[in-house]
Number of protein chains: 2
Amino acid sequence: MLLAVDCIIFGFDGQDIKLLLIQRGFQPRKGEWSLVGGFVQPDESADAAAARILKKLSGLDGIYMEQLHTFSNPDRDTVERTVSVAYTALIDLQKFKQHLHEDFHAVWFPINQHPELIFDHQLMVNKAKEQLRYKAALHPLLLELMPAKFTIPQLQQLYESVYNSEFDKGNFSRKILSTKLLVKLADKDKLNSKKGAFYYRIDRKRYDANKQAFLNFVPDPKI
Amino acid sequence: MLLAVDCIIFGFDGQDIKLLLIQRGFQPRKGEWSLVGGFVQPDESADAAAARILKKLSGLDGIYMEQLHTFSNPDRDTVERTVSVAYTALIDLQKFKQHLHEDFHAVWFPINQHPELIFDHQLMVNKAKEQLRYKAALHPLLLELMPAKFTIPQLQQLYESVYNSEFDKGNFSRKILSTKLLVKLADKDKLNSKKGAFYYRIDRKRYDANKQAFLNFVPDPKI
DNA sequence: CCAAAAGTGTTCTCTCTACACCCATGA
DNA sequence: TCATGGGTGTAGAGAGAACACTTTTGG
């Protein structure tokens with residue numbers, strides 16, 4: 001029995017949510033697209049393997065990953081019995097984009113528009129999306145996807161794309177600000193409007209202290 | 001590399017939350033207490049193995065279990081590298097108690113007063129408790145622990161023991177009833193008071209339709 | 001000046017909490 | 001009849017939703 005890990009890495013570039021995929025470098029199914037993954041070594045934990053493999057295949061280092069689920073269907077891998085522990089992470093693409101040189105075969109794809117994946121990787125992605133929606137409704141974790149400086153309307157776009165619905169801008173802004181997790185900066189982003197929107201940054205101390213607090217971000221569905 | 005499963009089964013007898021443990025029937029550490037667990041066979045998934053092993057060791061059949069987490073520290077098992085997928089379940093003890101004959105070495109222990117466990121099983125139990133608190137704050141899943149007939153004050157006791165705090169009885173009763181997940185029965189339980197408290201049962205249809213709805217059961221902490 | 005996006009004000013409704021109060025009944 | 005736990009009433013605070021309104025500024 002082999003033990004593998006697969007990483008579902010979501011990134012946000014300020015516009016769209018992306019998913020990190022690689023072109024498999026080995027047989028079987030070499031050249032096809034898959035999640036970043038590999039085998040756990042005899043002397044390492046799955047957590048350690050996930051970090052090591054992510055770094056080796058994409059250059060991403062020091063990313064905080066969480067265990068999602070373990071996939072153990074006996075015929076999920078067509079060659080040999082392989083159990084895979086799936087991990088997820090959320091990252092700000094602008095901070096990490098430069099690492100993705102051609103040294104690596106890792107590529108960011110729009111979350112809803114990526115090539116077909118091998119084995120049960122699509123299942124893993126679906127579960128990760130579901131979990132992202134669930135968690136983001138309760139915790140401010142989508143802030144982790146934002147760049148160092150961002151505006152409230154940008155953040156709102158991220159929420160709207162995760163939940164596939166539109167929020168009232170006034171209420172959204174007040175709700176986010178009421179968490180006191182953001183610090184207003186002096187300058188504005190004028191790319192999207194003439195008036196311009198103030199930049200904010202995360203208040204790291206408060207964020208780390210409150211990220212497990214419940215927030216109830218997602219509005220009730222309009223009937 | 002070996003793949004195992006371990007089951008953290010919580011039961012409620014109307015008074016206290018219990019944890020199902022077995023005395024290990026094989027070496028190493030035969031006779032010591034552990035979670036219900038065993039090895040995944042080459043042709044079965046971890047989910048299937050968990051159900052099979054739980055039934056074999058405790059007689060419990062058809063229990064709905066959910067994956068909790070996979071434990072893969074390389075030295076978590078002292079003999080051979082073993083990765084364990086942990087599962088959790090919640091059951092009403094009165095419904096299943098009769099199955100625990102002496103054919104099985106499984107025993108229910110009070111959740112906060114059980115023998116020391118082997119390997120990292122205490123870690124698993126702690127994580128399961130944490131997850132139970134988290135989930136029960138959002139979903140009505142503690143209803144699954146109640147007997148077929150129960151009173152609101154009994155249910156309140158369960159919540160209070162899970163959260164280790166006291167709730168206002170009036171508000172608790174209204175909040176639970178507002179979910180419309182309970183059906184009032186005609187008779188009363190007079191064991192705990194002279195006036196008596198009405199029995200209720202779960203409205204199965206509504207419960208199954210709403211168990212993933214958010215509920216916000218746990219009151220804000222009093223500062 | 002005007003269009004368009006950012007952000008504020010306001011009102012209404014609903015929920016939550018605290019806590020006073022009423023209810024039923026066995027001893 | 002009275003102590004006890006079950007259950008209801010209710011006032012005040014706060015959160016959320018809807019949407020009108022003001023602000024800013026590039027073209």
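Each chain gets a letter, A, B and so on, in the order its sequence line appears, and its residues count up from 1.
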State plainly whether the residues B/K180 and B/D203 are in salt-bridge range, i.e. N to O under 4.0 Å.
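No, this pair does not count.
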By nearest heavy atom, map B/N192 and A/G170 onto DNA chain D; which one lands nearer the 5' end?
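Counting from the 5' end, the first nearest nucleotide belongs to B/N192.
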Let me know, please, whether B/T151 or A/K194 comes out on the 5' side of the other along DNA chain D by nearest nucleotide.
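The residue mapped nearer the 5' terminus is B/T151.
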So do the side chains of A/S34 and A/F119 get within less than 4.5 Å of each other, counting heavy atoms only?
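Side chain of A/S34 against side chain of A/F119, heavy atoms only: no contact under 4.5 Å found.
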If I take atom [atom1] in residue [X] and atom [atom2] in nucleotide [N], what distance separates them, rounded to the nearest angstrom?
X      : N      : atom1 : atom2 : value
A/D189 : C/dA6  : CG    : P     : 9 Å
B/N171 : D/dG9  : CG    : P     : 14 Å
A/Y200 : C/dG7  : OH    : C1'   : 9 Å
B/Q156 : D/dG7  : CD    : C1'   : 11 Å
A/E160 : C/dA5  : CD    : C1'   : 13 Å
B/R174 : C/dC14 : CZ    : P     : 17 Å
B/D168 : D/dG12 : CG    : P     : 18 Å
B/I152 : C/dC23 : CD1   : P     : 20 Å

So, under a plain 3.5 Å distance rule, would you say the side chain of A/K195 forms a donor-acceptor pair with the base of D/dT23?
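Indeed, a donor on one side and an acceptor on the other fall under 3.5 Å apart.
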Does A/F198 or B/K169 map to a spot on DNA chain C nearer the 5' end, using the closest nucleotide for each?
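Residue closer to the 5' terminus by nearest nucleotide: A/F198.
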Reading DNA chain C from 5' onward, which residue's closest nucleotide shows up sooner: A/K184 or A/S193?
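Whichever sits nearer the 5' end wins; that is A/S193.
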Determine, using ring centers only, whether B/F150 and B/Y199 are less than 6.0 Å apart.
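Between B/Y199 and B/F150, the centre distance exceeds or equals 6.0 Å.
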So, taking the atom named CG in B/D168 and the one named OG in B/S173, what distance separates them when rounded to the nearest 0.5 Å?
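Those atoms lie 10.0 Å apart.
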For C/dG26, does OP1 or OP2 lie under 4.0 Å from any side-chain N or O of B/K190?
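B/K190 to C/dG26 OP1/OP2: side-chain N or O found under 4.0 Å.
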Assess whether atom NZ of A/K129 is packed by more than 12 heavy atoms of other residues, nucleotides or ligands within 6.0 Å.
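Correct, the count exceeds 12.
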